[in-house]
Protein chains: 2
Amino acid sequence: MSVTAPQGFEAAGVAVGLKSTGKPDVAVVVNRGPLKVGAAVFTANRAKANPILWSEQAIKDGVVEAIVLNSGGANCFTGSFGFQTTHQTAERAAELLGVSAGDVQVCSTGLIGAGDEVFRGKVLTGVEQGVAALSRDGGLTAAEAIMTTDSRAKTSTYTGDGWTIGGMAKGAGMLAPGLATMLVVITTDAILTTEEADAHLRAATHVSFDRLDSDGCMSTNDQVTLLASGASGVTPDPASFRSALVDVCTDLALQLQADAEGASHDIGIQVIGAASEEDAVEVGRSVARNNLFKAAIFGNDPNWGRVLAAIGTTDAAFDPYDVDVWMNGVRVCTEGGPDAPRDAVDLTPRSTSVLIDLKIGDAQAMILTNDLTHDYVHENSAYSS
Amino acid sequence: MSVTAPQGFEAAGVAVGLKSTGKPDVAVVVNRGPLKVGAAVFTANRAKANPILWSEQAIKDGVVEAIVLNSGGANCFTGSFGFQTTHQTAERAAELLGVSAGDVQVCSTGLIGAGDEVFRGKVLTGVEQGVAALSRDGGLTAAEAIMTTDSRAKTSTYTGDGWTIGGMAKGAGMLAPGLATMLVVITTDAILTTEEADAHLRAATHVSFDRLDSDGCMSTNDQVTLLASGASGVTPDPASFRSALVDVCTDLALQLQADAEGASHDIGIQVIGAASEEDAVEVGRSVARNNLFKAAIFGNDPNWGRVLAAIGTTDAAFDPYDVDVWMNGVRVCTEGGPDAPRDAVDLTPRSTSVLIDLKIGDAQAMILTNDLTHDYVHENSAYSS
């Protein structure tokens, strides 16, 4: 049921020709209240698409009535014309819904540099058709409308004690912290203040989407938005709600990882024994971004030397000659030397675990990544042509 | 003539079975003096191979009599046994040459974790055969003996005013600053003090090998060594010598780029209009390490959006919405929007230029990289098996 699982939300996905396939390409999600609480986190990239520039300003009062999302064009580096397109998108939705344009979030995904008059016309048509099609059953179609190279729609729900969380996500490449070509909308009917929504969202994305680093490339368009309607009438226990939100975000992040462009392995890099969580994240991310390591996993080669070479480039606290490395449960390196033979490791399953013990402290972190494959090169060398 | 072009040097390359192909795999270069000046720069990776740990200490007095290099095994993460192998290598060469072991540099390249008793035996045999085979004509064979996945030997020479510089290099992957699986030996018969040799070498590598970033992966074994024999009897003009050394280092770096594993494009990323050289390097390196950009170039796709997305992740001074980007001479992006159409750019030649104008200052820098190809993935997924 995606974003319409919680009470108080309606959604729709419509097809207006932004995708050459004729599939749904504009999604609208509306919060019918009674609360209209919204919080969002945005890409850390300084090259921000026009929808990001708009939504960052519009979210500041913590009020969100609706969110419009389109695939088929990122509306990034499209100049002032592109910003006007985003503005008109919010205004058109606001008119139709009888709300303020400043309370409408806009998200776009697709090719950078794409956002001409034809694009604008289609998006505005999508707003009109989308608002007309809004329903309590529209969550799944909305999730389909935001797909680009995704092979499947990504949704998640969590049922709490009298309240519910629902979510949808898209993203299959450019997946890196802060965030990815990742658009995520999470809804809840729990009663939350603006401050609570913001704090919960930042805490949850910090340990979920921010730990997904498929290809090290940071997008210009990422946005994760949390909308709270309060329609359940229930004020949740804060710890329980945060835990549930982490679960939903992690579930969606794992779905993004599993659908990463061209990947043949989903790799979980768990770093333990670190002096701090920051060190564990730095070490995990360095391995996740090492092309030689990623190519080796594609080749089912437990090449632990590339793991050590990658972590050696970090500033984390550890002794490079006293690190243990496990792959799929087999310790292949200990104390700066080989351990189990390479052929003791079976890397043929898609799900791959790499465990790195820095043996210097008690902190840990998990980074999710993918391998570097022929299909990744193929998909990303042919994307815009 | 490689490293034996300058007077005062002898070299040899011999085959002892470290390579399964039977090709030369151990090189020895000896400085016959009268000066025995040596300087070296090493990988910045904290995970350092045993030869690096040895050579870093041995170079400290600025005296180098000889250097032994082997392919077919990196002798990295091979524990104390591996360090003893390096020590024995230096001792065996020193005995045979009648010099101090502390004045013998050792370099290794090949698979990390490889360095057992068989490896040790072959390397020591290589030292014996190499010293016996030393000659004034041995430079080219030495250059062949250090090749791993290189498709050709890399050498360079420069003739100055009464003095000469010669060099050899190997490296085809793991090419990133500080340095690469890059072994380089440069010789000169100019008269240099230890301090001059060190300063010239650091200045030259800073603007040549350190600006080559083929795949973002930093090696555990990199070493660039400069040996000066003074045999010409000529003390060079310092500026002329440094300029010549930059030329030789740049020539070798370009040869490394041209032979990078699986690459189909040699990409020069020139950043101009930067507030500082550091900013220009940071911006160029960020683009050079962006897999989506690299895959697009492989697909002959002038996807400038990926260039802007990459530079947006840096801390350099510029306005992301006032940057110009040229590809192969065609301005494809200006002031945050599209410029010339994509099909105006011909990316089919191997040599590819990307020019980024940050329009904020006068500093500039060039970063050399390669595209991300099917062959790169293939070579690096099948390397150790």
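Just so it is clear, the values below take in all heavy atoms, side chains as well, and ignore hydrogens, waters and symmetry mates. Convention: sequence-line order gives letters A, B, ...; per-chain numbering from 1.
B:Asp343 does not touch chain A: none of its heavy atoms, backbone or side chain, sits under 4.5 Å away. With a threshold of 4.5 angstrom between heavy atoms, A:Asp371 does not approach chain B through any atom at all. Using a 4.5 Å cut-off between heavy atoms, B:Thr78 contacts chain A through its backbone alone, with no side-chain atom that close. Of the two parts of A:Phe293, neither the backbone nor the side chain holds a non-hydrogen atom closer than 4.5 Å to a non-hydrogen atom of chain B.
Checked against salt bridge (Lys or Arg N to Asp or Glu O under 4.0 Å), A:Asp322 has the following partners two or more places apart in sequence or in another chain: A:Lys359.
Taking both residues in full, the closest heavy atoms of B:Asn221 and B:Cys76 are given as OD1-CB, 3.9 Å, listed atom of the first, atom of the second, then distance.
The side chain to side chain contact (heavy atoms under 4.5 Å, CB included) test with B:Leu183 is passed by exactly one of B:Cys107, B:Ser71, B:Pro51: B:Cys107.
Among the candidates A:Tyr321, A:Phe81, A:Trp304, A:Phe298, the residue making the largest number of heavy-atom pairs closer than 4.5 Å to chain B is A:Tyr321. Of the residues considered (B:Ser80, B:Ala47, B:Gly79, B:Ala295), B:Ala295 shows the highest number of contacts with chain A, using heavy-atom pairs under 4.5 Å. With respect to chain A, the highest number of heavy-atom pairs below 4.5 Å among B:Ser286, B:Ala296, B:Ala74 belongs to B:Ala296.
Side-chain atoms of A:Lys170 and A:Thr148 form a donor-acceptor pair, as typed in the model, at a separation below 3.5 Å. No donor-acceptor contact under 3.5 angstrom links the side chains of A:Asp346 and A:Asn328, judged on distance only.
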From CA spacing to verdict: side chain to side chain contact (heavy atoms under 4.5 Å, CB included), B:Phe119, B:Thr85: CA-CA 9 Å; B:Phe119 170 85; B:Thr85 297; 4.1 Å; yes
